[in-house]
Amino acid sequence: MSLVSGPGRGGGSDSALPQELQLFVDKHVRYIQSLDKRKDELEYWLTEHLRLNGLYWGLTALHLLGHPDALPRNEVVDFVLSCLHDSGGFGAAPGHDAHMLYTVSAVQILATLDAFDDLEARVEGGRRKVAQFIANLQDAKSGTFAGDEWAECDTRFLYGALNALSLLGHMDLIDVDKAVDHVKTCANFDGGYGTGPGAESHAGQIFTCVGALSIAGRLDLVDRDKLGGWLSERQLKNGGLNGRPEKKEDVCYSWWVASSLAMIDRLHWIDQSKLTAFILSCQDPELGGLADRPGDMVDVFHTHFGIAGLSLLKFPGLAEIDPI
Amino acid sequence: MVKSRVMDDAYEELNAFFTTNERSVVEIAIIPSALQPEDTLTLQDGINLGVSKKILTQAFLKARQSFFATNHDPDLEDLCLESTRIILLFDPEHLTAANFRKRRIDKIKQAYSEENRKPIAVALQREVDFLDSILTSPLHRQTKSPTLWHHRSYIISHLRLHRDLADDFDFTGSVIQTELGCVFKASERHPKNYYAWRHARTMLTVIIHELRRENTDDEGNTWVYHLQRMLESATTYTEKWCLKNPSDTSGWSFLAFLLQHLRSLDWKYDLITKILSVALRWGWQYESVWAFFRMMLADPDILGDKAQVLLTVVQRSPCGEGSKKKMGSIDETDTETPCMKAIKWIDRYSAPTNT
């Protein structure tokens, strides 16, 4: 399974919006299915370092599009388990070092496919082992999480840990209160959150912090109006969302920003129909897939987050997504 | 077979370039295939290298084969290390290659002794040069790589501990200036470079933490004095950069971070006044600039009571009164300028100060 970009481009053959704002479901399904069959392409190797993430994005998008069986389940499970290390962590691909990011994707894939039993069948106590790998990455002093033994700490990893551990049913292995305390210290004066205390506010990091607080049941700690204000400033005239001031619109922020707003009950603070139109304009109507903005090359990352955004905005025909 | 010969040749040519120039910071650019030379695989001119994406990809394919064939064999460590240079040049997010380099540093560090600092000092300097080459070259994707910037933070955190110079504060000050220079250059290559600026914060946070730890019996707290002077230098240096790059929100955000760590109210007030006078004189309406000012004027920990003085200046300025003249990220259809929005925001969110 691979994350490969192109060959299609978002926005169709010219840059005007299509008359009918429709979602090209079948095209997207075929696009995702085709990704693994491009092993001869050079891009396949460029993305080896995040193969497992790519698989998660493709699989989730298929589920949202109502085609959960479009990728062969056993092959997917086999591949995921081939990335498992003795430590309980997963690497991006066989032979790659274990890291929180890939471990979280692995857990999410196994949860989606209801495959924890497959894990247990092949690795005794596998579920607990994976949970322990994640739990061991918590920093006892600060409550945050490292990505691996090299101690890069980032709220992305904290969110990933809470997400995966709640799926594995092992939140008991970590100090949730300390993690929550850490997220509190990441709140900036402008209402946003960053990778750590004092870091630049960034929509992606905001999603991780608000998501973590949501899983921990502590959304009471968020200044909803202040944060909602900052997030609503991300919408540009073309309806698209950016991640920080003066950045360009990018379809993946349809998820990070919109989901954050949904979690704090402020989704109505942006123009949802304009955002929907923007996301749809990022599709490649011929070859499938979505790009970061109209005219650019499509890839599975943006395909996944664009579709997730549409689901959040209750676009008809898509499986419903939980902001978390 | 022809294909694999290109892979081998491309790898050898790039590898030789790196090895020949391993004590320098090189500049690498991706050249369009139209400029592909006929007789060589790359364009080289001293420390400058031009390589097409096609050739780089071929070299990478060989590098990754070499890496996975050698990364578990301690006798082949040098060969493996060479392959990581090309892997990370092509794919800066290749965590496994970056971790290999860290593991090697760790091994050398363990052999470190008071009498023989040279091996670790040399190894660390080579890492810095290698990172400088990739992070400051005109390589759009590479200059913003979180994997490479974290690797840099890791290396720099060791650099101070293995210094070979007597004066701690001078050395630390020069590390800060050098690192900021690297961050500025990378941010010019890739604006709003989140992870470059994060490295700047990480570096300072580690330094502050270490200075505190190293000076526990400094009763006069002279280390605090030195630290504040270093932070003031860093702030002045950053301020100049921000004024030249007003739409870079990350630069302004880092400036705010520095101001949060400075203690002298008067010093901060003078600096912010100076920046404000530039912004108002030029009629700046950059969203990033006003995101900075609204924080500085609303957060009581920055300017205390003195914020009100500057707020009044803003309110009475043409910017504040709705003039849409001049520069910035203005949308003509917007009824409110970023400055006007900032004034409203400050009004809503300034906390009462303790008097």
Side-chain angles (χ1 to χ4, degrees), chain A residues 40-50 53 91-102 141-142 146-154 156 188-192 194-205 223 225-226 229-230 233-234 236-238 242-248, chain B residues 53-54 57-58 60-61 64 68 71 87 90-100 102-103 146-147 150-151 153-154 191-192 194-195 197-198 201-202 205 247-250 252-254 256-257 260-261 286-291 294-295 298-299 301-302 329 331 333-334 338 341 345 348-349:
Chain A
D40 56 324
E41 284 194 27
L42 302 176
E43 287 267 353
Y44 181 85
W45 300 110
L46 170 62
T47 53
E48 193 185 20
H49 75 263
L50 47 62
N53 299 144
H96 284 239
D97 288 356
H99 190 277
M100 177 74 83
L101 290 176
Y102 312 119
K141 239 174 79 183
S142 66
D148 60 15
E149 62 191 299
W150 301 106
E152 178 191 0
C153 292
D154 189 321
R156 283 184 293 155
N188 292 323
F189 192 81
D190 59 10
T195 55
E200 187 184 348
S201 292
H202 182 296
Q205 307 300 146
D223 185 333
D225 282 350
K226 211 180 199 185
W230 193 94
E233 285 170 356
R234 300 301 114 239
L236 302 173
K237 283 292 175 226
N238 58 26
N242 65 18
R244 288 177 284 160
E246 297 195 61
K247 288 222 78 172
K248 277 201 206 160
Chain B
K53 191 167 177 194
K54 190 162 160 240
T57 310
Q58 293 297 321
F60 169 76
L61 290 175
R64 91 169 266 299
F68 284 111
N71 66 337
I87 289 179
F90 179 75
D91 179 8
E93 301 321 322
H94 203 286
L95 190 72
T96 308
N99 288 350
F100 178 88
K102 288 197 258 298
R103 245 171 240 123
T147 303
H150 172 250
H151 188 70
S153 294
Y154 173 85
K192 301 155 188 114
Y194 192 84
Y195 284 94
W197 293 103
R198 186 182 76 157
R201 284 174 175 80
T202 303
T205 306
S247 67
D248 196 314
T249 192
S250 300
W252 291 111
S253 178
F254 180 69
F257 169 85
Q260 281 156 5
H261 281 80
Y286 296 98
E287 191 189 353
S288 307
V289 170
W290 289 103
R294 74 184 185 187
M295 282 228 289
D299 185 348
D301 293 338
I302 305 287
S329 48
D331 183 322
T333 61
D334 240 341
K341 289 184 194 172
W345 195 93
R348 183 165 178 190
Y349 290 114

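Hydrogens, waters and symmetry mates are skipped; everything else that's a heavy atom, side chains included, is used. First the proteins, then the strands, lettered A, B, ... as listed; each starts at 1.
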If you count heavy-atom pairs under 4.5 Å with chain A, which of B:Trp197, B:Trp252, B:Tyr195, B:Phe254 comes out on top?
B:Tyr195

Given the options A:Lys226, A:His202, A:His99, which has more heavy-atom pairs under 4.5 Å with chain B than any of the others?
A:Lys226

A:Glu246 versus B:Ser288, closest heavy-atom pair with distance
OE2-OG, 2.6 Å

Give the minimum heavy-atom separation between A:Trp150 and B:Tyr154, together with the two atoms involved.
CZ3-OH, 3.6 Å

Let me confirm one number: the CG-CD distance from A:Asn242 to B:Glu287, rounded to the nearest 0.5 Å.
7.0 Å

With a 4.5 angstrom heavy-atom cut-off, which part of A:Ala92 approaches chain B: side chain, backbone, both or neither?
neither

If you look at every heavy atom in B:Arg198 and A:Cys153, which pair is closest and at what distance?
NH1-O, 3.6 Å

Can you say whether B:His150 sits under 4.5 Å from chain A via the side chain, the backbone, both, or neither, judging by heavy atoms?
side chain

Just wondering, do A:Leu101 and B:Leu95 contact through their side chains at under 4.5 Å, heavy atoms?
no

Under 4.5 Å heavy-atom distance to chain A, tell me which part of B:Ala298 shows up: side chain, backbone, both or neither.
both

Can you sort out the partners of B:Arg348 under side-chain contact (heavy atoms from CB on, under 4.5 Å), two or more places apart, ordered by chain and number?
A:Asp225

Between A:Asp97 and B:Arg103, is the closest basic N to carboxylate O distance under 4.0 Å?
yes

With a 4.5 angstrom heavy-atom cut-off, which part of B:Trp345 approaches chain A: side chain, backbone, both or neither?
side chain

Quick check for you: among A:His49, A:Glu200, A:Glu233, A:Arg244, which has the greatest number of heavy-atom pairs under 4.5 Å with chain B?
A:Glu200

Structural part of B:Thr249 lying under 4.5 Å from a heavy atom of chain A:
both

Does B:Tyr194 form a side chain to side chain contact (heavy atoms under 4.5 Å, CB included) with A:Thr195? I'd like the steps, not just the answer.
CA-CA 10 Å; B:Tyr194 192 84; A:Thr195 55; 3.5 Å; yes

